[in-house]
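A quick write-up on the structure given underneath.
Just so it is clear: chains get the letters A, B, ... in the order the sequence lines come, proteins before strands, and each one is counted from 1.
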Amino acid sequence: MLEMHNVSKSFYRGTINERKALDNIDLKVNKGDFITIIGSNGAGKSTLFNCISGNILPDSGRVFLGGKDVTYEKEYVRAKEIGRLFQDPLKGTAPHMTIEENLALAYLRADFGKRTFSRITKADREFFYQKVKTLDLGLEERLDQAVGSLSGGQRQALTLLMATIVPPKLLLLDEHTAALDPATAEKIMALTEKIVKEQETTCLMITHNLSQAISVGNRTLMMEHGRIALDLDEKTRKGLKVEDLLRMFKEKTGRILDNDRMLLEE
Amino acid sequence: MLYIAQTALQLGFIYGLVSLALFLSFRVLDIADLSTDGTFVLGMAVSVAVAAKGHPFLALLVAMISGMLSGTVTAVLQTRLGIPSILAGIITNTGLYTINLAVMGFSSNIALLKQDTIFSLLQKAGIPSVTILLPLLLFAVAAFLLKNFLNTRLGLSIRATGDNRDMVSASSIDPRFTITVGLAYANTMTALAGALVGQLQRSADINSGTGVVVVGLACLIIGETIIGRKTIGRNILAVMVGSILYRFLYAIILKTRLFPIECLKLVTAVIIALAIAMPNIKASYDLRKERNHAGNA
């Protein structure tokens with residue numbers, strides 16, 4: 001599904017501040033995998049996502065998506081197959097446009113370039129209504145309201161719907177519940193798991209919640225200094241506790257997992 | 001008074017096209033397009049030059065195409081060559097000065113002598129008060145097209161580009177393309193306005209674009225203050241109201257000699273600064289009232 005061969009990326013290259021964000025990453029993601037990713041601050045988690053989505057280009061190495069080399073493909077071209085959510089709920093929606101208009105934009109991926117000059121049809125509207133209803137937030141009655149008037153949690157739920165309204169090949173979640181209050185975060189997470197399960201989406205999720213990291217999905221990566229320090233498959237993860245995870249991390253890297261937002265337990 | 005009303009409506013609808021263009025570039029795309037002055041003169045020069053050859057209708061079309069090209073140049077400068085958007089507009093504007101001179105045969109002005117204009121032709125065909133009706137008609141068509149365009153999928157993409165650039169680049173829309181389409185569209189309307197003014201006054205002058213962008217913005221903001229900006233429809237209505245109102249004020253000042261003619265640019269600048277600053281002035285006034293009120297309680 002997704003393969004990365006020897007991908008490296010440094011920032012401030014050639015200066016005294018040079019920092020290796022990704023150091024020869026080799027990663028093979030199978031179709032249907034739901035991988036959680038944890039790591040210290042600056043371990044390269046977000047850079048990894050940026051290289052996959054095309055937001056930044058790697059210095060060396062190759063990225064393959066569904067067998068196709070996409071290393072140098074533009075971000076908006078790749079976006080047809082990759083859905084992405086950020087930590088900031090404001091990043092994924094256009095605030096002055098209505099819920100319906102935002103969904104119509106996301107739905108452009110379905111028939112790209114075909115209906116350029118057509119407007120939102122009645123059928124589209126009904127489709128959006130049903131889709132928004134699955135969020136169970138009552139937003140389906142407010143389709144013509146500006147997205148800017150929604151709360152952070154509502155906006156993130158909408159962004160999740162927009163990213164998956166045309167099922168993407170790959171879904172990238174970058175701490176997408178971190179900026180929400182605990183109750184809302186839980187709701188968004190449940191929604192995420194439901195959608196990923198229904199659509200059998202391949203998904204990568206960065207999280208700082210360690211117990212979530214081992215309970216959600218089927219595989220866990222731990223990153224440190226631009227490398228994948230640990231890669232735990234479903235079997236190894238089973239029965240693992242947060243303390244075991246911390247111990248394994250220390251054994252492997254000789255360091256203590258250090259993330260100022262890390263949640264050790266619920 | 002009748003004369004004032006006529007002039008205000010006529011110029012209100014024509015310059016309303018510039019405000020529509022600025023609504024698209026400044027409000028929707030969030031780009032201050034400073035090539036507007038030059039594009040306006042380009043439309044005017046092309047229009048008068050082609051009408052001088054005896055094709056007043058074709059003149060409007062060619063003027064619009066030239067405006068579209070000018071907008072595309074500004075867009076390419078910022079999307080493909082990475083020039084900051086304000087600078088891109090200024091660069092295009094500077095270059096257009098020479099282009100505009102060239103269109104007028106390297107003379108600083110050209111005039112139509114006995115040749116027909118679109119206005120004179122329609123007048124001969126027996127259409128009454130064509131100098132108001134034609135601008136009205138063209139403005140109405142432009143407003144209708146723009147409103148509908150902004151609700152198409154391409155239009156939504158353009159609006160999203162101005163609303164949240166982060167979101168657009170992370171979705172399947174190419175912001176370089178949407179900015180190019182938006183600026184080309186906006187400058188088409190600006191050039192049409194210039195083309196109409198040129199044929200109306202039967203001449204084109206290299207300096208006639210000075211301040212067009214500022215006046216256009218003032219009209220836009222005056223209208224928005226009165227009508228509001230809730231929906232696209234309201235926004236477009238605001239452009240029309242603001243544009244006509246501004247021309248009324250302008251015509252009254254001219255007619256009554258409230259200010260000496262020589263001071264007109266300064267008066268315009270003051271009106272515009274006030275109009276744009278009004279929301280802020282109002283906010284700080286309200287705050288002060290609130291504070292005084294709280295202090296007395």
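For a residue to count as touching a neighbouring chain, one of its non-hydrogen atoms must lie under 4.5 Å from one of that chain's; by this rule A:Ser118 touches chain B with backbone and side chain alike. Interface remark: A:Asp124 contributes side-chain atoms only to the contact with chain B (heavy atom separation under 4.5 Å). Residue contact with chain B, scored on non-hydrogen atoms closer than 4.5 Å, involves the backbone of A:Thr93 exclusively. Contact annotation for B:Ser157: both backbone and side-chain heavy atoms come within less than 4.5 Å of a heavy atom of chain A.
Residues B:Ala160 and A:Leu105 approach most closely at CB-CD1, 3.3 Å, considering heavy atoms. The two residues B:Leu156 and A:Met97 have their closest heavy-atom pair at O-CE, 3.5 Å.
From A:Ile120, atom CD1 reaches atom CZ of B:Arg153 across 7.0 Å, with rounding to the nearest 0.5 Å. Taken to the nearest 0.5 Å, the OG atom of B:Ser172 stands 11.0 Å off from the CD atom of A:Glu75. Once rounded to the nearest 0.5 Å, the distance linking OG of B:Ser171 with CG of A:Asn102 reads 10.0 Å.
The main-chain N or O of A:Leu90 is found under 3.5 Å from a side-chain atom of B:Asn164 such that the two form a donor-acceptor pair. Checked by atom type and distance alone, the side chain of B:Asp163 pairs as donor or acceptor with a backbone atom of A:His96 at under 3.5 Å. With hydrogens and angles ignored, the 3.5 Å screen pairs no side-chain donor or acceptor of B:Asp174 with any backbone N or O of A:Tyr76.
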Could you walk me through whether A:Thr159 and B:Met167 satisfy the side-chain contact (heavy atoms from CB on, under 4.5 Å) test, starting with their C-alpha distance in whole Å, then the side-chain angles of each, then the deciding distance to 0.1 Å, before giving a yes or no?
CA-CA 10 Å; A:Thr159 311; B:Met167 163 201 172; over 6 Å; no
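Annotation for B:Phe149: atom CZ counts as buried by contact number, over 12 foreign heavy atoms lying within 6.0 Å. Under a cut-off of 6.0 angstrom, the local environment of CZ in B:Arg288 is sparse, with at most 12 non-hydrogen atoms contributed by other residues, nucleotides or ligands. Within a 6.0 Å sphere centred on CZ of B:Phe144, heavy atoms belonging to other residues, nucleotides or ligands number 12 at most. The environment of CD in A:Glu198 is crowded: more than 12 heavy-atom neighbours from other residues, nucleotides or ligands sit within 6.0 Å. No more than 12 heavy atoms of other residues, nucleotides or ligands sit less than 6.0 Å from atom OH of B:Tyr285.
Comparing B:Arg176, B:Lys230, B:Arg229 by how many heavy-atom pairs each has under 4.5 Å with chain A, the most go to B:Arg176. In terms of heavy-atom pairs under 4.5 angstrom with chain B, the leader among A:Lys91, A:Arg78, A:Arg84, A:Met162 is A:Lys91. Comparing B:Leu154, B:Asn148, B:Thr152 by how many heavy-atom pairs each has under 4.5 Å with chain A, the most go to B:Thr152.
Shown here are the ring-ring contact (aromatic ring centres under 6.0 Å, His included) partners of A:Tyr129, two or more places apart in sequence or in another chain: there are none.
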